[in-house]
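Computed from a prediction, not measured in an experiment: that's the story for all the values here. Here, residue 1 is the first one in the sequence, and each next residue gets the next number.
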Amino acid sequence: MVPLMPAPETSLPTVADSRSQAVWSLIRLVGAMVLLALAIRQVMSFGHALPSWSTLDAGWLAASLAVAAVSVFGWWVRWLLFLRLAGVPAAAGETLRLTWMADFFNYFIFGALAADGFRMAMLSRRFPQKKAAVAASIAFDHMAGLLSSAVFFAAFTVPHSGWIIERGGPAMSGFLWTSGIALGALALLTFSGVMATKVHKNWVAWATRRWPAVSGAAVKMLDQLRELRARACLANLGLLASMVCLAASYAAFAAAARAWGSPIPWFHFFAVLPVVDALSALPVTVQGLGIREQIFLAVFPSGAGNDHAQILAVSLTGFAVQSLWALLGGALIAWDSLPAFARRTSRSKITP
C-alpha cells in the first residue's frame, strides 16, 4: 500500500472553519436523531417493548467493552505508524493521549473533522515546521481506514450479498452498489499510486510537456511516491493495524448481541457493517447513528430468538460501548486540555 501524497503546507483552523464545522455538525446531529427516531418508531409499530436491563449478560457486555478498547488502541497504532511514515517524530505516549482525546471529538463533537482539527492543531504546536507532514499522516490514517472497510466488504459483504439484498430489498441493493463502487474506487486509486512508482519520470515529463506547471508537479509527486515506497513496510503495518481496529469495532457489536441473548452470527455483523461505514461517510449522521439501526432492522431477521426491539438494543449497545471509551478522551481533556508537549512548546516561546 502506498498512501496519498502529503498535503501542501496548511494553516490552523480559522474562525470561519469553526463555523462551517459547527453547521455540518448540527446537520449530522439532526440527521442522526431523525433516522434514530424513525428506527424507534418502526420498532414500536410492531408492538415491541425495549428489553429489560435485567436480561443483559454482564460477561458479554464486559467482552464488548474490552474489544471496543482494542479498536481505540488499533487506531492509535495506525496513526503512530503513519506519523513515522510522514517523518513526524511524535512520542508514542503523547500520540496515545491525542488519539483518545480525538476519539472524544469524533463521537461527541460530531465528526472526524473536529477530531482531525484537534490532532492537527496539537501536533502543529509541537512540530511547526512539519504541518504538511502531520496533515499527510491524518490523510494516510483515513485512507487506511477506508481501505480496511474495502477489504472487509470484499471478504464478508460480497459473499453474503444475496441474503442482505433478500432481507433488505431494493433499497439495500442500492446501498450495496453505492458502497461497493465507492470502496472499489478507493482501492483502485491506491493501486494506481502503487503502480505509478514503476513509471519512468521521463515518460511523465514527455506526456505533460505542453503544460510545464503540471509536468513539474507530476514529476515531483512521482519522486515523493518513490520515497514512500522505500518505507512501504510502515504503510503495510498501518493497514494491518487498521484492519485489527475495524475487526475489533465489529466484534464489539457481535459481543453486544450475545449480551442481549441474540443469536445473530458474528460474521453477519462483519458483512453488514462495512456498508454502514461507507454510508456513514456521508455528512448526515454521527458515527453511523440512525443509519446502522435502520440497516440492522432491515437485514437481521426477527424471530428465532430475536425481535425488533432486541436488534435495536444490540445496535445502540455496540455504539454505546465504543462511545464510553471515547468519554475517557473527554476526561483527559477536562483533566489537562493542553498535552505536555504543547505546554513545553508554549513555554519555549516565552522570552525573558
Side-chain angles (χ1 to χ4, degrees), residues 1-18 20-22 24-25 71-148 224 227-228 231 233-235 237-239 241-242 245 325-350:
M1 168 194 160
V2 176
L4 292 176
M5 296 306 304
E9 196 74 19
T10 56
S11 60
L12 296 182
T14 64
V15 174
D17 294 332
S18 299
S20 176
Q21 180 178 307
W24 281 114
S25 297
S71 178
V72 178
F73 277 98
W75 183 22
W76 162 57
V77 172
R78 181 179 79 190
W79 186 38
L80 183 62
L81 287 167
F82 286 130
L83 282 168
R84 296 291 181 268
L85 179 62
V88 181
E94 294 292 355
T95 306
L96 177 59
R97 285 165 56 88
L98 278 184
T99 300
W100 232 306
M101 291 177 178
D103 201 33
F104 172 79
F105 281 90
N106 205 17
Y107 273 86
F108 299 103
I109 314 295
F110 315 127
L113 285 177
D116 293 345
F118 176 79
R119 292 191 289 173
M120 182 71 194
M122 291 295 102
L123 276 188
S124 293
R125 294 186 180 192
R126 177 68 174 92
F127 305 102
Q129 304 304 318
K130 290 185 174 291
K131 293 178 183 177
V134 172
S137 74
I138 294 173
F140 300 164
D141 189 51
H142 282 289
M143 195 75 171
L146 290 170
L147 280 172
S148 300
Q224 290 177 330
E227 289 179 11
L228 290 176
R231 292 173 285 171
C233 63
L234 284 175
L237 287 173
L239 181 58
S242 182
C245 171
W325 286 111
L327 281 174
L328 179 58
L332 287 173
I333 293 172
W335 178 262
D336 185 3
S337 61
L338 195 62
F341 61 76
R343 293 200 306 275
R344 289 197 298 269
T345 304
S346 300
R347 286 197 297 268
S348 68
K349 294 180 180 179
I350 299 175

Shortest non-hydrogen contact between [X] and [Y], atoms and distance:
X      : Y      : value
Ala92  : Arg84  : N-NH2, 4.3 Å
Ser137 : Phe82  : CB-O, 3.7 Å
Ala326 : Tyr107 : CB-CD1, 3.7 Å

Run the side-chain contact (heavy atoms from CB on, under 4.5 Å) test on Phe104 and Leu332 for me, step by step, so that the C-alpha distance in whole Å, both residues' side-chain angles and the decisive distance to 0.1 Å come before the verdict.
CA-CA 9 Å; Phe104 172 79; Leu332 287 173; over 6 Å; no
What distance separates [X] [atom1] from [Y] [atom2], expressed to the nearest 0.5 Å?
X      : Y      : atom1 : atom2 : answer
Leu123 : Phe118 : CG    : CZ    : 9.5 Å
Arg97  : Trp76  : CZ    : CH2   : 13.5 Å
Met101 : Asn106 : CE    : CG    : 15.0 Å
Leu96  : Leu80  : CG    : CG    : 9.5 Å
Arg78  : Met143 : CZ    : CE    : 12.5 Å
Thr95  : Arg119 : OG1   : CZ    : 10.5 Å

Do Asp141 and Trp75 pass the side-chain contact (heavy atoms from CB on, under 4.5 Å) test, and can you show the C-alpha distance, the side-chain angles, and the key distance before you say yes or no?
CA-CA 8 Å; Asp141 189 51; Trp75 183 22; 2.8 Å; yes
Looking at Ser242 and Gly238, would you say the former's side chain and the latter's main chain have a donor-acceptor pair under 3.5 Å?
no
Is there a side-chain contact between Leu81 and Phe140 in this structure, where contact means two heavy atoms from C-beta onward sitting under 4.5 Å apart?
no
With a 4.5 Å limit on heavy-atom distance, are the side chains of Val72 and Leu328 in contact?
no
Can you sort out the partners of Asp103 under salt bridge (charged side-chain N to carboxylate O under 4.0 Å, His left out), two or more places apart, ordered by chain and number?
none
So, using ring pair (Phe, Tyr, Trp, His ring centres under 6.0 Å) as the criterion, who are the partners of Trp100 when residues are at least two apart?
Phe73
